[in-house]
Amino acid sequence: MSELKNDRYLRALLRQPVDVTPVWMMRQAGRYLPEYKETRAQAGDFISLCKNTELACEVTLQPLRRFPLDAAILFSDILTIPDAMGLGLYFETGEGPRFKSPINSLDDIKKLPIPDPEDELGYVMNAVRAIRHALQGSVPLIGFSGSPWTLATYMVEGGSSKAFTKIKKMMYSEPQALHLLLDKLADSVTLYLNAQIKAGAQSIMIFDTWGGVLTGRDYQLFSLHYMHKIVDGLIREYDGRKVPVTLFTKGGGRWLEAMAATGCDALGLDWTIDIEDARRRVGDKVALQGNMDPSMLYAPPARIEQEVETILAGFGKGNGHVFNLGHGIHQDVPPEHAGAFIDAVHRLSKPYHQDND
Ligand code: CP3
């Protein structure tokens with residue numbers, strides 16, 4: 001087993017005692033950091049940055065040089081899988097991700113290949129290996145993927161969407177076509193995440209950014225079912241350590257019990273749910289990650305600290321809390337506010353772990 005200097009993030013996910021509450025931020029490497037923008041310019045564009053092992057490693061480490069974060073997250077994107085399936089990912093300035101060849105029919109779905117993670121996605125595994133090497137056991141490395149449902153929304157809509165009309169039309173009128181797509185994605189994601197674990201990812205997070213736009217019944221059938229399948233297929237112990245799995249459905253507060261029943265180790269919470277309620281409902285089954293509103297980072301540091309205290313008190317004493325934002329950090333947040341947030345979590349959480357000393 002390789003040694004880790006700071007393993008409080010992994011310990012908290014497994015609901016083991018820690019000295020202070022661990023903290024990291026979704027999208028912690030990104031445009032709010034001037035050094036990120038510089039490295040991205042050096043790479044040319046975002047996709048080239050993801051595909052450049054050395055620079056992807058560099059931007060992963062940038063937030064860790066500034067802040068005492070308790071975990072690193074692989075610098076990549078959830079849309080690498082659809083790109084490897086041949087859809088042709090590109091980014092239109094100001095419009096987010098787009099695909100040259102979106103999915104239009106059952107025939108398109110039948111033709112989709114299951115990508116080999118060490119071949120078409122080999123650049124991601126190279127980044128994982130390089131980052132693990134560069135971290136030198138300082139903090140754990142998080143690997144990730146999108147959920148099948150969330151990936152399918154981009155593949156069928158052709159990019160970002162507000163109303164999800166194309167994929168919902170498919171869901172309600174050709175459900176068997178959508179199920180075939182989700183099944184292929186679940187297989188691809190399982191292979192991809194297991195390859196990340198073998199390359200050195202020490203924990204896994206599945207981002208279901210758009211599960212919350214579904215009805216409860218459709219969430220079960222079209223999103224959760226496939227995440228459950230992935231959880232069942234993941235390597236859960238590697239190199240002598242448990243590899244914790246976190247599921248995050250934005251807008252998924254209604255379904256925490258069902259999510260916890262998949263056998264995952266932790267649930268990511270967005271800011272619309274009270275962490276106190278979440279702990280009462282599922283805290284005996286899973287750890288909880290979250291859940292400050294990312295827009296709180298626009299407020300002065302004193303207000304940020306107050307919110308950190310409120311969330312710490314909401315979770316209460318005991319094990320099983322990883323502090324995070326309820327979604328990704330916004331690109332125009334002052335980096336000093338992120339620093340104040342991280343310091344506040346470590347400083348103010350001590351009393352909540354005192355019985356562990
Ligand atoms: O958290 C991290 O620091 C790791 C890197 C990471 C990125 N994307 C980098 C990125 C992670 C974990 C993701 C996941 C991701 N990508 C999700 C799920 C999480 C979420 O935010 O809900 C989704 C839905 C995507 C798809 C995607 N990629 C979108 C919607 C965008 C934003 C487009 C835009 O112009 O803002 C991206 C691009 C992207 N992914 C950026 C980064 C740093 C910005 C690209 C840039 O440098 O301009």
Side-chain angles (χ1 to χ4, degrees), residues 9 23-52 55-64 66-67 69 71-83 87 89-99 124 127-128 131 139 141-155 157-162 164 189 192-193 196 201 203-213 223 227 246-252 268-271 289-290 294 324-333 335 338:
Y9 160 75
V23 56
W24 68 282
M25 297 185 296
M26 286 195 260
R27 293 278 185 94
Q28 63 192 22
R31 285 176 294 204
Y32 75 107
L33 293 177
E35 60 269 35
Y36 168 83
K37 284 190 249 182
E38 216 169 279
T39 311
R40 190 184 65 164
Q42 200 184 326
D45 55 53
F46 171 68
I47 298 172
S48 309
L49 178 55
C50 292
K51 294 188 175 175
N52 182 318
L55 297 183
C57 181
E58 164 61 23
V59 292
T60 302
L61 299 180
Q62 284 172 349
L64 293 139
R66 273 191 187 248
F67 315 120
L69 293 155
I73 180 161
L74 161 70
F75 188 81
S76 189
D77 199 76
I78 61 165
L79 300 175
T80 51
I81 288 184
D83 187 48
L87 270 63
L89 174 66
Y90 67 102
F91 282 80
E92 203 76 85
T93 337
E95 287 192 37
R98 316 278 321 157
F99 287 114
V124 178
V128 172
I131 298 162
V139 291
L141 174 60
I142 306 168
F144 70 89
S145 169
S147 72
W149 163 258
T150 291
L151 294 177
T153 65
Y154 288 96
M155 294 168 80
E157 299 291 335
S160 300
S161 175
K162 287 212 167 76
F164 301 95
V189 168
Y192 181 60
L193 291 176
Q196 289 185 29
S203 145
I204 288 298
M205 177 149 169
I206 300 176
F207 289 96
D208 186 29
T209 306
W210 301 120
V213 306
S223 184
M227 291 200 279
T246 303
L247 297 187
F248 170 69
T249 293
K250 186 159 168 276
L269 305 176
D270 70 23
W271 65 92
Q289 176 180 283
N324 205 313
L325 306 173
H327 199 205
I329 186 169
H330 296 304
Q331 56 173 303
D332 51 350
V333 157

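Every number for a ligand or one of its atoms is a count from 1 in the order of the listing. This chain uses plain numbering: 1 for the first residue, then up along the sequence. These numbers come from the heavy atoms of this one structure, side chains and all, not from hydrogens, waters or symmetry mates.
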**Q** With heavy-atom distances below 4.0 Å as the criterion, list the atoms of ligand 1 near G96.
**A**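 In order of numbering, the contacting atoms are 33 (C), 35 (O).
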**Q** Please list the nearest protein heavy atom to atom 42 (C) of ligand 1 with its residue and the distance rounded to 0.1 Å.
**A** F46 CE1, 3.5 Å
**Q** Taking all non-hydrogen atoms of both residues into account, name the closest pair between L49 and A56 and its distance.
**A**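 Smallest interatomic distance, heavy atoms only, reads O-CB, 3.6 Å.
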**Q** Under 4.0 Å, heavy atoms only, figure out whether ligand 1 is touched by the backbone of P63, its side chain, both or neither.
**A** neither
**Q** Please report the shortest heavy-atom distance between S145 and I81, naming the atom on each side.
**A**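 Result for this residue pair: OG-CD1, 4.2 Å.
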**Q** Is the distance between the ring centroids of Y36 and F46 under 6.0 Å?
**A** no
**Q** Which one of D77, L79, T153, T80 has a non-hydrogen atom at the shortest distance from atom 8 (N) of ligand 1?
**A** D77
**Q** Measuring from atom CG of L74 to atom CD of Q196, what distance do you get when rounded to the nearest 0.5 angstrom?
**A** 5.5 Å
**Q** Which ligand 1 atoms does S76 reach within 4.0 Å, using its non-hydrogen atoms?
**A**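 So the atoms of ligand 1 that pass are 5 (C), 6 (C), 7 (C), 8 (N), 9 (C).
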**Q** Return the closest protein heavy atom for atom 11 (C) of ligand 1 as residue, atom name and distance.
**A** F144 CZ, 3.6 Å
**Q** Counting non-hydrogen protein atoms only, what is the nearest one to atom 1 (O) of ligand 1? Give residue, atom name and distance.
**A**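 Atom 1 (O) of ligand 1 sits closest to the protein heavy atom R27 N, 2.7 Å.
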**Q** At a 4.0 Å threshold, what atoms of ligand 1 neighbour a non-hydrogen atom of L74?
**A** 4 (C), 5 (C)
**Q** I need the minimum non-hydrogen distance between S160 and Y154, along with the two atoms involved.
**A**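 Smallest interatomic distance, heavy atoms only, reads OG-CE2, 3.7 Å.
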**Q** Check each atom of ligand 1 against the heavy atoms of Q28 and keep those under 4.0 Å away; list them by number with element.
**A** 1 (O), 2 (C), 3 (O)
**Q** Given E95, E92, R40, which one has a non-hydrogen atom that is nearest to atom 48 (O) of ligand 1?
**A**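 When every heavy atom of E95, E92, R40 is considered, R40 comes closest to atom 48 (O) of ligand 1.
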**Q** If you measure from atom 35 (O) of ligand 1 to every heavy atom of K250, M205, R31, which option wins on shortest distance?
**A**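 Considering heavy atoms of K250, M205, R31, the nearest to atom 35 (O) of ligand 1 sits in R31.
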**Q** Taking all heavy atoms of F75 and all of V59, pick out the closest pair and write down the distance.
**A**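 Result for this residue pair: CG-CG2, 3.4 Å.
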**Q** Looking only at non-hydrogen atoms, which of H327, H330, Q331 approaches atom 22 (O) of ligand 1 most closely?
**A** H327
**Q** Which ligand 1 atoms does T209 reach within 4.0 Å, using its non-hydrogen atoms?
**A** 18 (C), 19 (C), 20 (C), 22 (O), 24 (C)
**Q** Can you report which non-hydrogen protein atom sits closest to atom 38 (C) of ligand 1, along with the distance?
**A**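 Protein heavy atom at minimum distance: F91 CE2, 3.4 Å.
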**Q** Does W210 have a heavy atom less than 4.0 Å from any atom of ligand 1?
**A**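 The answer is no, since W210 has no heavy atom less than 4.0 Å from ligand 1.
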**Q** What is the minimum heavy-atom distance between L64 and A71, and which atoms define it?
**A** CD2-O, 3.8 Å
**Q** Starting from atom 14 (C) of ligand 1, what is the nearest protein heavy atom, named by residue and atom, and what distance separates them?
**A**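 Ranked first by proximity to atom 14 (C) of ligand 1 is I78 CG2, 3.6 Å.
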**Q** For M25 and N324, which heavy atoms make the closest approach, and how far apart are they?
**A** CA-OD1, 3.4 Å
**Q** Which of the atoms of ligand 1 are close to A29, meaning less than 4.0 Å from one of its heavy atoms?
**A** 3 (O), 43 (C)
**Q** Out of F207, W24, Y154, indicate the one that has the non-hydrogen atom closest to atom 24 (C) of ligand 1.
**A**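 Of the listed residues, Y154 has the closest heavy atom.
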**Q** One pair to check against ring-ring contact (aromatic ring centres under 6.0 Å, His included): F207 and F144. What are the steps and the verdict?
**A** CA-CA 7 Å; F207 289 96; F144 70 89; 5.6 Å; yes
**Q** Out of curiosity, L89 CG to L79 CG, how far, rounded to the nearest 0.5 Å?
**A**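 It comes to 5.5 Å.
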**Q** Using heavy atoms and a threshold below 4.0 Å, how should the contact between T150 and ligand 1 be classified: side chain, backbone, both, or neither?
**A**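 Contact part for T150 vs ligand 1: neither.
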**Q** In chain order, what residues pass the side chain to side chain donor-acceptor pair (under 3.5 Å) check against R31, with sequence neighbours excluded?
**A**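 So R31 forms no side chain to side chain donor-acceptor pair (under 3.5 Å) with any residue.
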**Q** For P294, is there any backbone N or O sitting under 3.5 Å from a side-chain donor or acceptor partner on W271?
**A** no
**Q** Starting from atom 47 (O) of ligand 1, which protein heavy atom do you reach first, and at what distance in Å?
**A**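 Closest protein heavy atom to atom 47 (O) of ligand 1: Y36 OH, 2.4 Å.
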